[in-house]
Amino acid sequence: MREDLVRQGIRPYIPQRTQRQRLPKQGFTYDKRRRQWICPEGHRSIGQSPHQRGGWLVYFSERACRGCPRAGRCLSRSQTRKVLYWHPGTEANRPRGLKRALRVRNGH
């Protein structure tokens, strides 16, 4: 939706549901050359699949997660490996002045 507005020359002031820079704040980094995510412990993602809302589900190795010292904090009880949701557009189409525009829109 945001991409369509940008193509039409419209500046979208739509807040993101996902927090900007969420993955880097958690310690994950992206290797553009290899197209892989790297966890805070240095393990690389092993694959990704498209998500129905757009974006990608990124998978890490069960073996790496099983022996990881952060597993208790990083994985939920039902997870055997880390799975991230990543949408490249989260960063791309976020206009400058979004917070101010939303305050004006809300009447504050």
Side-chain angles (χ1 to χ4, degrees):
M1 182 173 152
R2 287 174 183 81
E3 293 84 10
D4 296 333
L5 293 172
V6 171
R7 276 193 290 270
Q8 295 175 29
I10 300 169
R11 185 184 227 179
Y13 285 106
I14 306 167
Q16 295 283 348
R17 287 183 183 216
T18 57
Q19 185 182 35
R20 191 173 188 193
Q21 294 290 325
R22 171 183 56 91
L23 295 173
K25 284 180 182 177
Q26 293 175 4
F28 290 88
T29 56
Y30 185 66
D31 181 345
K32 289 182 183 180
R33 191 171 58 88
R34 293 186 179 182
R35 295 183 176 181
Q36 290 179 317
W37 280 93
I38 304 167
C39 81
E41 290 294 318
H43 302 290
R44 293 182 170 271
S45 60
I46 59 170
Q48 62 185 21
S49 62
H51 191 273
Q52 63 188 9
R53 292 186 324 217
W56 300 91
L57 288 178
V58 179
Y59 302 95
F60 287 83
S61 163
E62 286 187 35
R63 179 185 292 166
C65 291
R66 190 178 315 123
C68 181
R70 293 181 185 238
R73 291 176 281 162
C74 191
L75 304 176
S76 69
R77 290 180 183 233
S78 62
Q79 285 182 309
T80 57
R81 64 178 170 181
K82 185 69 176 175
V83 179
L84 303 175
Y85 172 71
W86 174 58
H87 194 292
T90 301
E91 298 297 317
N93 295 322
R94 186 179 180 101
R96 296 182 78 197
L98 178 64
K99 284 185 180 181
R100 183 170 178 253
L102 292 175
R103 279 196 307 267
V104 170
R105 186 180 84 176
N106 291 333
H108 295 112

Undergrad: For the residue pair His43 and Ala64, what are the closest heavy atoms and their distance?
TA: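 In terms of heavy atoms, the two residues are closest at ND1-CB, 3.6 Å.
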Undergrad: Aromatic rings Tyr30 and Trp37: how do their planes relate, parallel, tilted or perpendicular, breaks at 30° and 60°?
TA: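 It falls in the tilted class, 30° to 60°.
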Undergrad: Short question: side chain of Lys82, backbone of Cys65 - any donor-acceptor pair under 3.5 Å?
TA: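 Side chain of Lys82 to backbone of Cys65: no pair is present.
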Undergrad: Are the side chains of Pro50 and Trp56 in contact, using a 4.5 Å heavy-atom criterion?
TA: yes
Undergrad: Drop me the distance from Leu84's CG to Cys74's SG, to the nearest 0.5 angstrom.
TA: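 Answer rounded to 0.5 Å: 7.5 Å.
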Undergrad: Nearest 0.5 Å, please: how far is CD in Gln79 from CD in Glu62?
TA: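 Output value for this atom pair is 10.5 Å.
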Undergrad: Of the non-hydrogen atoms in Arg81 and Leu75, which two are nearest, and what is the gap between them?
TA: C-CD2, 3.4 Å
Undergrad: Which heavy-atom pair separates Pro69 from Arg73 by the least distance, and what is that distance?
TA: O-NH2, 4.2 Å
Undergrad: Who are the salt bridge (Lys or Arg N to Asp or Glu O under 4.0 Å) partners of Glu41, not counting sequence neighbours?
TA: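 Glu41 satisfies salt bridge (Lys or Arg N to Asp or Glu O under 4.0 Å) with Arg70 only.
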Undergrad: Please report the shortest heavy-atom distance between Tyr85 and Gly54, naming the atom on each side.
TA: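 Reported closest heavy-atom pair: OH-O, 3.0 Å.
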Undergrad: Run the ring-ring contact (aromatic ring centres under 6.0 Å, His included) test against Phe28 and tell me which residues pass, sequence neighbours left out.
TA: Phe60
Undergrad: If you draw a 6.0 Å radius around CZ in Arg63, do more than 12 non-hydrogen atoms from other residues or ligands fall strictly inside?
TA: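 Not more than 12 within 6.0 Å, no.
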Undergrad: Decide whether Ile46 and Ile38 are clustered together by the hydrophobic rule: side chain heavy atoms of Ile, Leu, Val, Met, Phe, Trp, Tyr closer than 4.5 Å, transitively.
TA: no
